[in-house]
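Here the structure comes first, spelled out in structure tokens, and everything after it is commentary.
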There are 2 protein chains.
Amino acid sequence: MPFDRDHVLRCAADLLSHKATATQDEIAKAAGISRATLHRHFAGRDALIRALEDLGVRQLQEVVDQARLDDGSATEALVRLVESTRPVAGFLAFLATENQLFEGEEVNEGWARIDAQIAALFKRGQESGEFRIDLSPVWLTEALYGLVSATAWTVLSGKTAPRDYTEMITGLMLGGLERRAPQP
Amino acid sequence: MPFDRDHVLRCAADLLSHKATATQDEIAKAAGISRATLHRHFAGRDALIRALEDLGVRQLQEVVDQARLDDGSATEALVRLVESTRPVAGFLAFLATENQLFEGEEVNEGWARIDAQIAALFKRGQESGEFRIDLSPVWLTEALYGLVSATAWTVLSGKTAPRDYTEMITGLMLGGLERRAPQP
DNA sequence: CTTGTTTGAGACATTGATGTCTCATATGAG
DNA sequence: CTCATATGAGACATCAATGTCTCAAACAAG
């Protein structure tokens with residue numbers, strides 16, 4: 001059986017998502033390979049985590065590119081962005097969480113670039129008059145991560161249907177909780 | 001120096017918030033006590049984590065009680081709730097995150113009760129007509145945790161001023177991002 | 001088929017965290 | 001002051017995870 005790097009990383013992420021202290025034996029077992037092979041490709045836990053980060057950032061960057069954040073209205077772009085994150089939301093939640101709890105030496109630069117792109121989207125919406133201007137783009141970016149992560153966890157635990165993912169996040173984020181009279 | 005249990009737990013939480021794999025030596029050092037004393041009061045890492053959970057749940061329950069979720073409008077109650085979580089937001093973020101990544105055998109029952117109380121608040125707001133009804137109270141509860149945690153991290157990292165905490169969370173959650181014509 | 005490469009299984013030593021113990025010192029109650 | 005108790009510092013054994021190695025078997029390329 002040929003070695004499938006991405007498959008191994010996905011299995012590792014799935015396992016580490018709910019058991020962050022999993023052993024390399026456990027990770028290897030979850031991926032269906034031997035510990036020796038795991039160690040041949042990822043020399044140590046740190047290397048594995050870094051590879052995991054790289055894959056996550058790569059996937060998320062694809063998602064961001066695919067959402068075309070500069071096209072159309074900022075509102076539409078935000079909806080596209082959230083919708084395209086759905087397939088990688090679990091991975092994203094894991095990475096965002098892991099970044100907090102295991103403060104690495106330096107923050108991945110790809111991650112910082114994604115942050116900047118999303119913050120720029122919020123800023124664009126504010127400058128175009130679509131979004132309120134009393135919430136900082138940097139905080140909005142983190143708030144979006146928070147909502148996406150929280151939703152990903154609830155989907156993983158079965159408390160929420162995956163099909164409601166985009167509606168819930170964009171519904172709350174754009175429209176807010178308050179009920180309003182129908183727009184004229 | 002007498003042993004200050006809560007102080008030790010707070011120091012442990014602060015440290016573990018950004019270094020989840022901290023050693024007992026490091027935790028003891030951070031708390032200003034010796035490893036021997038730490039081990040006398042918390043026999044092993046698991047015991048420490050459980051004590052941490054208990055303290056967190058106790059604090060959060062106090063906060064929830066203090067916010068009087070049943071009084072006045074649901075909107076006002078939500079604002080009170082968020083405002084009173086501010087002092088314990090870091091702790092809350094740590095616990096919520098830790099609960100995901102280190103899936104304990106059973107979920108703390110006090111935690112489940114708090115969940116239920118907050119979900120009941122959202123339900124009350126929906127039934128009174130204040131809140132929109134197309135977002136489930138369970139998910140809204142998790143979304144609130146997500147926003148609170150995300151904001152707590154940004155405050156801890158200095159990206160956001162603590163004084164904006166309540167405004168940002170309630171501003172986004174209640175009003176949403178879309179800019180609207182002033183209410184008539 | 002033959003050859004070179006990769007994997008799986010397991011043994012082994014090493015490392016680091018942990019649990020446990022002792023003893024001197026500090027602290028507080030009486 | 002005196003005694004009982006708790007703490008700090010450190011030694012020590014233990015245990016789990018890790019890194020490293022060997023060797024046989026599976027596999028792919030030629």
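Every chain is numbered from 1 and lettered A, B, ... according to where its sequence line falls, protein lines coming before strand lines. Since we're looking at a predicted model, the values are computed, not measured.
Comparing the local axis fitted to the first five base pairs of the helix from C:dC1-D:dG30 to C:dG30-D:dC1 with the one fitted to its last five gives a bend of 40°, rounded to 10°.
Under the 3.5 Å distance criterion, the side-chain polar atoms of A:Gln59 are left unmatched by any main-chain donor or acceptor of A:Leu92. In this structure, the side chain of A:Arg80 engages the main chain of A:Arg68 through a donor-acceptor pair within 3.5 Å. Under a 3.5 Å cut-off, the side chain of A:Glu178 and the backbone N or O of B:Phe131 do not form any donor-acceptor pair. A donor-acceptor pair is defined here as one N or O able to donate and one able to accept, closer than 3.5 Å; such a pair exists between the side chain of A:Ser34 and the backbone of A:Thr37.
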Atom pairs and distances, donor-acceptor, side-chain atoms in residues 140-156 of chain B, under 3.5 Å, two or more places apart:
| from | atom 1 | to | atom 2 | distance (Å) |
| --- | --- | --- | --- | --- |
| B:Thr141 | OG1 | B:Ala119 | N | 3.4 |
| B:Thr141 | OG1 | B:Pro137 | O | 2.8 |
| B:Glu142 | OE2 | A:Lys159 | NZ | 3.3 |
| B:Tyr145 | OH | B:Asp115 | OD1 | 2.6 |
| B:Ser149 | OG | B:Tyr145 | O | 2.9 |
| B:Thr151 | OG1 | A:Trp139 | NE1 | 2.9 |
| B:Thr151 | OG1 | B:Leu147 | O | 2.7 |
| B:Thr154 | OG1 | B:Thr151 | O | 2.8 |

task: Check the pair B:Leu78, B:Phe122 against side-chain contact (heavy atoms from CB on, under 4.5 Å), reporting the backbone distance first and the verdict last.
output: CA-CA 8 Å; B:Leu78 179 61; B:Phe122 287 120; 4.2 Å; yes
- request: For nucleotides 15-25 of chain D, just jot down a letter per nucleotide in 5' to 3' order: B, S or -, based on protein non-hydrogen atoms under 4.0 Å.
  value: --SBBB-----
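Following rounding to the nearest Å, B:Ile33 (CD1) and D:dA9 (P) show an atom-to-atom distance of 11 Å. Atoms NZ (A:Lys29) and P (C:dG10) sit 12 Å apart, rounded to a whole Å. A:Phe3 places its CZ atom 17 Å from the C1' atom of D:dA26, with the value rounded to the nearest Å.
From B:Leu55, atom CG reaches atom CZ of B:Arg10 across 6.0 Å, with rounding to the nearest 0.5 Å.
A sub-4.0 Å separation between OP1 or OP2 of D:dT7 and a side-chain N or O of B:Ser34 is absent. Using a 4.0 Å cut-off, no side-chain N or O of B:His41 falls inside it from OP1 or OP2 of D:dA6.
For the residue pair B:Ser84 and B:Gln66, no side-chain donor N or O sits within less than 3.5 Å of a side-chain acceptor on the partner.
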